[in-house]
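A note on names: the letters A, B, ... follow the listed sequences, proteins ahead of strands, and every chain is numbered from 1.
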Protein chains: 2
Amino acid sequence: MTNNTPVTLKFLADKLKMSVSTVSKALNNYPTINAYTRQRVQEMARDFHFTPNKSAINLKEKRSRIIGVILPNLLDHFFTRSIYGIEQFATQNGYNVIISQSHDELEKEIQSANMLLRSRVDGLIVAISKHTQDFTHLNQFENIGIPVVYYTRNPSFNLNCHKVLCNTFQGCYQATKLLIDRGHQKIAYLGGPKMINFTHDRFNGYINALKDNEVPFSSELVAYTDFDKENTITAIKNLFVYPENKPTALVAFKEPILFDAIKYLRSTKHFKTNEVECIGFGNTSFISYLDSPPIASIEENPESVGENAISLLIQLINKEIDIHNYQKVMVDCKLIVHGLNAGSV
Amino acid sequence: MTNNTPVTLKFLADKLKMSVSTVSKALNNYPTINAYTRQRVQEMARDFHFTPNKSAINLKEKRSRIIGVILPNLLDHFFTRSIYGIEQFATQNGYNVIISQSHDELEKEIQSANMLLRSRVDGLIVAISKHTQDFTHLNQFENIGIPVVYYTRNPSFNLNCHKVLCNTFQGCYQATKLLIDRGHQKIAYLGGPKMINFTHDRFNGYINALKDNEVPFSSELVAYTDFDKENTITAIKNLFVYPENKPTALVAFKEPILFDAIKYLRSTKHFKTNEVECIGFGNTSFISYLDSPPIASIEENPESVGENAISLLIQLINKEIDIHNYQKVMVDCKLIVHGLNAGSV
DNA sequence: TTGTACGCGTTATCAT
DNA sequence: ATGATAACGCGTACAA
C-alpha cells in the first residue's frame, strides 16, 4: 500500500513519543543514547523503511558525497572502462558518481557542468569535449573551492589544472619501435582530429621512435582523420598514393578507425599479401574475431586512468593536496602483442 | 581566486541591502518585482556567479527532478544506446539522470537502489540483474509513491509493475522465418542464461516460427550459454555433435556470443563451405569488419526502448497515468539483413 | 540520558 | 513593490 505521509525523523519521533534529536542520535549510534532507546528507534525505523533524505543532509553538511563525471561518450569503451575504475574507488570512499555525457559538444558540456554545479558535487572529473577551448564553465568549480581533475583529454589551453593522462607518447613510441624492430622503414601514422589534445603526444612518440632508430621521417606518411569513416578512407588513400613510398606498416590513433582503414586496405588488395602491419590504440576484445587483425594493440589502461583521477580528486577534496598545487599524473600504456603467427612483412 | 563565503541568496541580499525574498523573487522573474530591482539583482547574481543550491530546492519542493537508472553494465552497447534515448527525453522535460551499474550483481543493485532512494529521485528506470528474484529493494520506491519502470529485462516474478520490453518474440520469430524462407530446415537455437527473463520469449519466437512453417522441432538443436566464452563453445559443440542432424543455420541470443560461436565453427571448418547461416540479436557496427558475418541482425532499437521507458515514467510522475494502473509496452525489433552476396547453403 | 533550539538555502504566504 | 516569517528534513551545541 502506498503510504502518503513521508517517513521522517519527526514522524518516527511522534510514533515513539521522543524528540527528533534523540531519534537522530539513536540512528547515528551516538554513545550517549541508552541502548534500549537506540534499539527501539532502530526497529521502528526499519519497520517504517526510514530512509534519510540526502538533500537535507547535503544542505546541513555542506557537501554531497557526490562526484561528477563529464565525458564525451558512453559508446566509447575507453570511457566506460574508465568509469569502472572511478566507481570502484568512489564507492569504497563513500562517494556516489553522477555521469553526464557531452556528446563531444561544448554546449552540452556547459549544461552538464552547470547541472553538476547546482548539485554541489564535491569534486569533478572531466574529459573535455573536442571543442573545449574556453574553460569558464569548468573554472567555476575551483572558484568556489570544488576541485576538478581533467582526465584523458589534455586541456592544453588550461595550464593551471590537475591532469591525469594516458602516456600516449610512450604508447605510440613503443608501437612504432615494435614495427621498426620488425624491419619496417615506411611506417605510416594515422592521427586523430587535429586538436592538440588528441594527437600531439602520440605523434611525438611516433616521431621520436623514428628518430631514435634512425628511420627517416616523411610527411607523406602522415595523415589525419576524425571519427568519420569517409574521412578515414580519404586519409588512408592519401597515405598509399605514392607507389615508391608505400607504407608497410601503420600506427593509428584509435582502433575503430584502424578497422575502417584495414577494411579499406583489404578492399584494395593491400592485405592479400600481408603487406601492411597495423597497430592502434584501444585493445578491443573484438580483435580476436578479425581475419586481418592488428599485430598489436596499445592498451591505454582506462580503469587505471579512472582510478588515478578519482584517487587524486579525493585527495584534493580531503585537502591532503592543496587545490592550487597542480598535479600531473601520467598512466603508462601497455603494448599488447597479438598472435604473430602470420610472420608477415 | 577562491572565494570562501558561499554565494547564497542571503549573501546577495546583504550586498544589495534587500531582503532575501525579494532577491529570490527577482531571480525567478516574479511579476510583482520592480523592473529596476530585478535588473540590479540579476546583475549582482551574475557578477558573483550565483548558483542555486539544488539540495535546498529539492528539500523545499519535495522533488529532485532526477531520474535514477539502474542497469547491469555500461560495456553492453544495448544499454549505452538506451541511455541515449533516456537522456534526450529526460533533458527535454527538465530532468537529470543518474546512472548506476549493478554489474549484474544483486548486492550492487540493492546498494544502487538505496542510494537513489536516499537521493529521492522522482522516478526509477531499472534493468534488473540476472539474479534479481526478490524485489523488496525496488518495491520501496512505489511504497513511497516513486514510480518505477522496468525495462529490457523482464521481471517475471513481479507481476504488478510497469514494463517496457523489446519484443524479442517477434524479433526471433522473424529471424527464424527468414532462415526458413532461405531453405533451412535444421535451424539451431543458442539461448542465453536460463533465466526466464532472458530466453523465454525468444525461444517462443523460434518455436512458433518453426511450427507456423511446419519445420520439425528437435531438442538437439537447442543449447544454452551465458556470457562466458567457454560455455558458448561447449554449447556449440553440443549442437553440432550429431552428424545426421547437423544445423545449417543458427539463431543466437546476443551477437558477442554469436561471434564466439562463429569463430569456433570456422576453426572446425564448418564455415569453409558456408555451411551455417547465422543471425543474432544486436546489430553491432562491428559486423561490417567480419569475414564471415551473420547474414542478418535483430536490431532491438535500444534508443526507442529507453525513450518509451522514460516517456512512461514521466507520465507516471505527472500522474497522467495512475501508478497502480500497470502498463506493459512492447517495442518491436527490426530484422536487418546484411549483404546476402554470398548466397550460400 | 534526553530535549530544545537553531541553521543549512530556498520558496511561498502573508503583512506592510 | 518589498519584507518578515515559516517550512522543508536533518544534525548538533547546549540546556535540562
Side-chain angles (χ1 to χ4, degrees), chain A residues 3-42 44-45 48-66 117-122 144-146, chain B residues 3-42 44-45 48-66 117-122 144-146:
Chain A
N3 195 338
N4 267 332
T5 51
V7 180
T8 65
L9 291 186
K10 184 168 178 340
F11 174 90
L12 295 178
D14 289 350
K15 287 268 170 210
L16 291 157
K17 296 189 199 307
M18 303 193 301
S19 78
V20 178
S21 64
T22 307
V23 175
S24 169
K25 287 170 188 164
L27 289 174
N28 291 302
N29 293 312
Y30 265 54
T32 67
I33 296 294
N34 179 301
Y36 176 60
T37 325
R38 189 179 61 220
Q39 191 194 323
R40 279 181 60 214
V41 171
Q42 297 194 344
M44 185 70 75
F48 282 90
H49 302 105
F50 170 75
T51 310
N53 185 317
K54 209 151 176 298
S55 291
I57 296 175
N58 291 349
L59 192 57
K60 183 100 244 283
E61 308 212 321
K62 293 163 168 292
R63 67 166 178 183
S64 60
R65 291 206 158 277
I66 293 177
L117 194 61
R118 280 194 298 276
S119 296
R120 295 290 191 277
V121 294
D122 291 346
I144 61 172
I146 300 174
Chain B
N3 195 337
N4 267 332
T5 51
V7 180
T8 64
L9 291 185
K10 184 170 181 335
F11 175 90
L12 294 178
D14 289 350
K15 287 268 169 208
L16 291 157
K17 296 191 199 308
M18 300 195 301
S19 80
V20 178
S21 57
T22 307
V23 175
S24 169
K25 286 170 189 164
L27 289 174
N28 290 301
N29 292 311
Y30 264 55
T32 66
I33 296 293
N34 180 301
Y36 175 62
T37 334
R38 188 178 61 220
Q39 191 194 322
R40 278 181 60 214
V41 171
Q42 295 193 346
M44 184 70 72
F48 282 90
H49 302 105
F50 169 75
T51 310
N53 185 316
K54 209 150 174 300
S55 291
I57 296 175
N58 292 349
L59 191 57
K60 187 101 240 290
E61 307 212 323
K62 292 162 168 293
R63 68 165 179 187
S64 59
R65 291 207 157 275
I66 294 176
L117 195 61
R118 280 194 297 275
S119 296
R120 294 292 191 275
V121 292
D122 291 346
I144 62 172
I146 300 174

Worksheet item: Quick one: which of dT11(C), dT2(D), dG11(D) gets closest to the side chain of E61(B)?
Response: dT11(C)
Worksheet, complete the sentence: dist R38(A):CZ -> T32(A):OG1 (nearest 0.5 Å) comes out at 10.0 Å
Worksheet item: If you take atom types as modelled and just measure distance, does the side chain of K25(B) reach the base of dG3(D) with a donor-acceptor pair under 3.5 Å?
Response: yes
Worksheet, complete the sentence: From the candidates dT10(C), dG9(D), dA4(D), the one with an atom nearest any side-chain atom of S19(B) is dA4(D)
Practice prompt. Quick one: label N58(A) by what it contacts on the DNA or RNA (base, sugar-phosphate, nothing), any heavy atom closer than 4.0 Å.
Written response: nothing
Worksheet item: Reckon T32(B) has a side-chain N or O less than 4.0 Å from the OP1 or OP2 of dT2(D)?
Response: no
Practice prompt. Mind checking Y36(B) for me? I need base, sugar-phosphate or nothing, with any heavy atom below 4.0 Å counting as a touch.
Written response: nothing
Practice prompt. Please answer whether the main-chain N or O of V20(A) pairs with a side-chain N or O of K10(A) as donor and acceptor at a distance below 3.5 Å.
Written response: no
Worksheet item: In whole Å, what is the span from the CZ atom of F11(A) to the C1' atom of dA7(D)?
Response: 19 Å
Fill in: Contact nearer the 5' end of DNA chain D, comparing M18(B) with T8(A)
M18(B)
Response to the item:
Rounded to whole Å, CG of D14(B) lies from P of dG3(D) at a distance of 12 Å
Worksheet item: Can you tell me if the side-chain N/O atoms of N53(A) get under 4.0 Å from OP1 or OP2 in dC8(D)?
Response: no
Practice prompt. With the side chain counted from C-beta on, respond yes when N53(A) and T8(A) share a heavy-atom pair under 4.5 Å apart, and no when they do not.
Written response: no
Discussion item. Whole angstroms only, please: what is the OH-C1' distance between Y30(B) and dG3(D)?
Written reply: 14 Å
Item to complete: Output yes when at least one side-chain N/O atom of T22(B) is less than 4.0 Å from OP1 or OP2 of dG3(D), else no.
Response: yes
Worksheet item: N28(B) has an atom CG; how far is it from atom C1' of dG9(C), in whole Å?
Response: 13 Å
Worksheet item: Between atom CZ in R38(B) and atom P in dT2(D), what is the gap in whole Å?
Response: 11 Å
Worksheet item: If you look at every strand shown and take non-hydrogen atoms under 4.0 Å, does S55(B) touch a base, only sugar-phosphate, or nothing?
Response: nothing
Worksheet item: Looking for any heavy atom pair under 4.0 Å, which part of the strands does K60(A) touch: base, sugar-phosphate only, or nothing?
Response: base
Worksheet item: Is there side-chain contact between N29(B) and Q42(B), with at least one heavy-atom pair below 4.5 Å?
Response: yes
Worksheet item: Tell me: CG of L27(B) to P of dG9(C), nearest whole Å?
Response: 15 Å
Discussion item. So I66(A) and R120(A), do their side chains get closer than 4.5 Å, heavy atoms only?
Written reply: no
Worksheet item: What is the distance, rounded to the nearest whole Å, between atom NZ of K62(A) and atom P of dG9(D)?
Response: 20 Å
Item to complete: Decide yes or no, distance alone: a donor-acceptor N/O pair under 3.5 angstrom between the base of dG11(D) and the side-chain of S21(A).
Response: no
Response to the item:
Atom CG of L9(A) and atom C1' of dT12(D) are separated, to the nearest Å, by 13 Å
